[in-house]
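What you see below is based on every heavy atom in this structure, not just the backbone, and it leaves out hydrogens, waters and symmetry mates.
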Amino acid sequence: MSVRGLVPHLAAALVVAGCAWLTAWQIERAGEKRELLARWHAAEPVRLAALAAPRELPQPVIGVGTWERRRQILLDNRVRGQRHGVEVLTPFRLADGRLFLVDRGWAPWPARDAALPDPGVAGSATDPGTPEAAAASAAVTIEGVLAEPPGVGVRMGPSHAAPGEAWPRLVTYFDHERLAEWLGEELQPAVIRLAPEHPAHLTGDEWQVAIFGPKRHIGYALTWASIGLVVTGIWITLSWRYRFRRRTGSRE
């Protein structure tokens with residue numbers, strides 16, 4: 001067989017091999033999601049003060065500390081109910097000095113020329129000279145899920161969308177190094193997703209442990225397997241017809 005005759009066979013073999021790899025990958029991802037959900041449902045809340053690295057995420061947690069509401073981070077391009085807004089990350093300091101960012105959910109930002117949202121926290125204040133500021137330093141208890149920072153797609157350009165020293169600060173994606181630089185100290189890499197029933201949560205929406213469940217990955221695996229089987233069937237059929245014509249000397 002000539003090199004030209006081998007090209008269709010090589011192309012078909014590559015497609016089938018690719019489909020087989022994608023099928024196996026999706027089955028593996030389904031297993032990982034099952035393990036994640038099983039671990040999540042069996043997990044008991046751990047006190048942040050007693051939690052040390054390495055961490056197995058996601059992990060339900062409970063902690064006592066103080067809000068630092070004056071230095072909030074706003075993640076841009078978050079949509080809820082077809083309304084544009086931001087995701088609000090508020091610093092939370094433990095008694096041992098460690099600083100976490102707490103994801104408090106979604107806040108509306110209807111127009112680019114509107115003032116940035118700066119949602120308050122119960123017992124916090126923006127003016128350190130007011131009586132409310134004393135309440136801001138009082139310890140509060142939060143519950144939530146210690147998880148990976150909010151994900152992004154393609155990172156294009158710098159993370160910050162609003163230059164300057166003013167707070168809150170708008171960012172287009174979560175950049176741990178940049179945020180730690182802005183806050184001027186070490187920042188814990190994991191984010192606390194605040195429990196929806198907590199009064200500081202902005203919407204009360206439930207958090208999703210996994211965006212895609214195991215069933216979705218199994219569906220993808222079946223799709224790739226079906227494509228591979230169809231290509232294999234076409235490949236075998238055309239190869240058989242070609243050999244049959246060569247043996248009989250017939251022409252189309």
Side-chain angles (χ1 to χ4, degrees), residues 1-45 54-61 75-85 87 103 105-106 144-156 172-176 189-196 203-247 252:
M1 184 180 292
S2 66
V3 174
R4 183 177 180 181
L6 284 174
V7 171
H9 295 279
L10 291 175
L14 286 174
V15 171
V16 172
C19 289
W21 182 85
L22 289 168
T23 300
W25 177 57
Q26 289 296 333
I27 291 174
E28 182 182 356
R29 292 289 291 149
E32 292 173 354
K33 291 295 178 65
R34 290 194 192 95
E35 182 181 348
L36 172 67
L37 293 173
R39 186 172 70 244
W40 165 249
H41 290 302
E44 293 292 334
R55 306 184 182 99
E56 193 171 53
L57 305 178
Q59 171 63 55
V61 292
L75 285 178
D76 198 3
N77 300 316
R78 295 305 195 262
V79 178
R80 179 177 184 266
Q82 298 183 343
R83 297 174 61 199
H84 181 266
E87 201 163 344
D103 193 335
W106 180 89
V145 180
L146 193 66
E148 297 289 343
V152 297
V154 178
R155 298 190 176 193
M156 300 181 64
T172 55
Y173 58 83
F174 192 98
D175 185 332
H176 180 267
V191 169
I192 301 172
R193 295 178 177 176
L194 192 63
T203 62
D205 294 340
E206 292 286 344
W207 298 107
Q208 290 182 305
V209 179
I211 298 177
F212 294 154
K215 290 184 179 179
R216 177 75 67 89
H217 290 289
I218 292 298
Y220 289 153
L222 290 174
T223 298
W224 286 116
S226 299
I227 294 173
L229 288 173
V230 169
V231 172
T232 300
I234 295 173
W235 182 13
I236 292 174
T237 300
L238 293 179
S239 298
W240 179 83
R241 289 183 61 186
Y242 176 76
R243 289 171 181 258
F244 178 77
R245 290 171 187 164
R246 291 198 63 180
R247 283 199 306 268
E252 286 284 335

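Distance check, rounded to the nearest 0.5 Å: CG of L14 to SG of C19 gives 11.0 Å. One finds the NE2 atom of H84 at 4.5 Å from the CG atom of D76 (value rounded to the nearest 0.5 Å). One finds the CD atom of E148 at 9.0 Å from the CZ atom of R193 (value rounded to the nearest 0.5 Å).
Evaluation of the side-chain hydrogen bond (donor to acceptor under 3.5 Å, both in side chains) rule for R34 yields no partner, not counting sequence neighbours. The side-chain hydrogen bond (donor to acceptor under 3.5 Å, both in side chains) check on D205 picks up R80, T203, with sequence neighbours excluded. Take E28 and apply the side-chain hydrogen bond (donor to acceptor under 3.5 Å, both in side chains) test, not counting sequence neighbours, and it matches no residue.
Taking both residues in full, the closest heavy atoms of F174 and P150 are given as CB-O, 3.9 Å, listed atom of the first, atom of the second, then distance. Taking both residues in full, the closest heavy atoms of W106 and R78 are given as NE1-O, 3.0 Å, listed atom of the first, atom of the second, then distance. When all heavy atoms are compared, the tightest approach of P189 to P149 is O-CG, 3.2 Å.
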Contacts under 3.5 angstrom, residues 217-231 side chains, donor-acceptor by atom type, not counting sequence neighbours:
| from | atom 1 | to | atom 2 | distance (Å) |
| --- | --- | --- | --- | --- |
| H217 | ND1 | Q26 | OE1 | 2.7 |
| H217 | NE2 | K33 | NZ | 3.0 |
| Y220 | OH | R216 | NH1 | 3.4 |
| T223 | OG1 | G219 | O | 3.0 |
| S226 | OG | L222 | O | 2.7 |

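Applying the salt bridge (charged side-chain N to carboxylate O under 4.0 Å, His left out) rule to pairs touching residues 229-240 yields nothing, sequence neighbours excluded. Residue pairs satisfying the salt bridge (charged side-chain N to carboxylate O under 4.0 Å, His left out) criterion with at least one member in residues 229-239, sequence neighbours excluded, are absent.
In summary, of the residues considered (V145, L75, V191), a side chain to side chain contact (heavy atoms under 4.5 Å, CB included) with D103 occurs for V191 alone.
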